[in-house]
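Bear in mind that the values here come from a model prediction, so they are computed numbers and not experimental data.
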Amino acid sequence: MAMNHVRSVRSILSTKDAVTVACQRTFATGKAKKGGKGGAAADGPKASSLSKEVKASTVVGGNILKEGTDPKILPDSEYPDWLWHLLDKRPALSELRRKDIGTLPYEDLKRYVKLDNRARIKENNSLKAKN
């Protein structure tokens, strides 16, 4: 049935008109949306109804349970030490290649092996793609 509809549309409309009709987005009302770019003003950011004290003492949106409250922010001493090192800058492959491999700490050596393997795989893939 869809093919019959397509054939009838094809015979009625020229190619340019068919492309225009096919590419037009319509909504539930059946009419195409008219208006400028950028969306409506109602789609903008909304002002928060929470007070500054609540924002400063809780993790807003941190609750993943249906029933419950957002977790409270604890003092820094209550969090594990490894948490504070997550955002530390780690050396790049070029920097690790300049250093002596025998003197690298275990974590840097592990990172060097991982990055070096990744670079070799990319090199081999690009060579295979050229051939």
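Summarising the geometry, atom OG1 belonging to T103 is positioned 4.0 Å from atom CG belonging to D100; distances are rounded to the nearest 0.5 Å. Taken to the nearest 0.5 Å, the CG atom of L115 stands 9.0 Å off from the CZ atom of R97. Atom CG of D108 and atom CD of E95 lie 8.5 Å apart (nearest 0.5 Å). Once rounded to the nearest 0.5 Å, the distance linking CG of L74 with OG of S57 reads 11.0 Å.
Using a 4.5 Å heavy-atom threshold, the side chains of N63 and T69 count as separate. Residues T58 and I73 fail the side-chain proximity criterion, which asks for heavy atoms closer than 4.5 Å. In this structure, K72 and V59 have side chains that are not in contact, with every pair of non-hydrogen atoms separated by 4.5 Å or more.
Heavy-atom contacts from other residues, nucleotides or ligands closer than 6.0 Å to CD1 of I64 number 12 or fewer.
Nearest approach of G62 to P71, heavy atoms of both residues: C-CD, 3.8 Å.
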Would you give me the side-chain donor-acceptor pairs under 3.5 Å for residues 80-93, sequence neighbours excluded?
from, atom 1, to, atom 2, distance (Å)
H85, ND1, D88, OD2, 3.1

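Applying the side-chain hydrogen bond (donor to acceptor under 3.5 Å, both in side chains) criterion to R118, with sequence neighbours excluded, gives no partner residue.
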